[in-house]
Structure formats: C-alpha cells, structure tokens
**Student:** 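My questions all concern the structure below.
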Amino acid sequence: MAKSYTCSSLVKDCTWSTSANDTATLMKKIVAHAEFKHDLQLSTADKIKIQSSIKG
C-alpha cells in the first residue's frame with residue numbers, strides 16, 4: 001500500500017503532497033521538498049512529526 005504525506009501538516013498553507021511505496025523513499029521526497037521550497041533543514045523533531053502524519 002502506498003504511503004502519502006501532505007506538507008500542510010508541517011507548513012501551513014502548503015498544498016504540496018507526495019506518495020511512495022515505502023517510508024524511506026517518502027521521507028527523501030519530503031526532505032528534498034522542505035529544503036527546496038521552504039529553505040528548511042528538518043530537525044529530528046520535525047521528522048518525527050512528519051512520520052506520525054504519514055498515511056498508509
């Protein structure tokens with residue numbers, strides 16, 4: 001089952017979303033988006049919050 005994530009769970013008003021077959025691939029996409037679009041370096045706490053928001 002595919003896993004999915006919507007950026008608005010971390011960054012208000014961002015409608016970007018993505019999906020992948022596994023959490024590791026999904027997290028790579030999320031980290032790349034955070035760095036490129038939001039100029040953010042995700043902390044461990046951010047990554048934990050993101051992982052709890054992943055659906056699937």
Side-chain angles (χ1 to χ4, degrees):
M1 176 183 217
K3 298 180 180 289
S4 63
Y5 175 78
T6 301
C7 189
S8 62
S9 67
L10 184 63
V11 178
K12 190 175 182 177
D13 298 328
C14 181
T15 60
W16 178 84
S17 63
T18 189
S19 62
N21 290 328
D22 59 84
T23 302
T25 302
L26 188 62
M27 286 301 295
K28 287 179 185 178
K29 291 180 177 184
I30 294 166
V31 168
H33 170 77
E35 290 174 352
F36 180 73
K37 282 294 199 177
H38 302 295
D39 197 27
L40 291 174
Q41 296 296 317
L42 297 176
S43 68
T44 300
D46 290 334
K47 290 177 183 177
I48 290 169
K49 183 177 179 182
I50 288 168
Q51 288 180 342
S52 69
S53 299
I54 291 174
K55 296 180 181 173

**Student:** Of all residues at least two apart in sequence or in a different chain, which pass the side-chain hydrogen bond (donor to acceptor under 3.5 Å, both in side chains) check with Thr18?
**Tutor:**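 In terms of side-chain hydrogen bond (donor to acceptor under 3.5 Å, both in side chains), with neighbours along the sequence ignored, Thr18 is linked to no residue.
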**Student:** Would you mind listing every side chain to side chain donor-acceptor pair (under 3.5 Å) that reaches into residues 6-16, with sequence neighbours excluded?
**Tutor:** Tyr5-Ser9
**Student:** Restricting to side-chain hydrogen bond (donor to acceptor under 3.5 Å, both in side chains), what partner residues turn up for Ser52, sequence neighbours left out?
**Tutor:** none
**Student:** Mind checking side-chain hydrogen bond (donor to acceptor under 3.5 Å, both in side chains) for Asn21 and listing every partner two or more places apart, or none if nothing turns up?
**Tutor:**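 Partners of Asn21 by the side-chain hydrogen bond (donor to acceptor under 3.5 Å, both in side chains) criterion come out as none, since no residue qualifies.
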**Student:** Please report, to 0.1 Å, the donor-acceptor pairs under 3.5 Å made by any side chain of residues 23-41, with sequence neighbours excluded.
**Tutor:**
from: Thr25; atom 1: OG1; to: Asp22; atom 2: OD1; distance (Å): 3.0
from: Thr25; atom 1: OG1; to: Asp22; atom 2: OD2; distance (Å): 3.1
from: Lys29; atom 1: NZ; to: Ser19; atom 2: O; distance (Å): 2.7
from: His33; atom 1: NE2; to: His38; atom 2: NE2; distance (Å): 3.1

**Student:** May I ask you to test the Ser43-Asp46 pair for a side-chain heavy-atom distance under 4.5 Å?
**Tutor:**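 Heavy-atom side-chain distance check passes, below 4.5 Å.
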**Student:** Go through the structure and list residues passing side-chain contact (heavy atoms from CB on, under 4.5 Å) with Thr44, not counting sequence neighbours.
**Tutor:**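 Thr44 satisfies side-chain contact (heavy atoms from CB on, under 4.5 Å) with Ile48 once adjacent residues are dropped.
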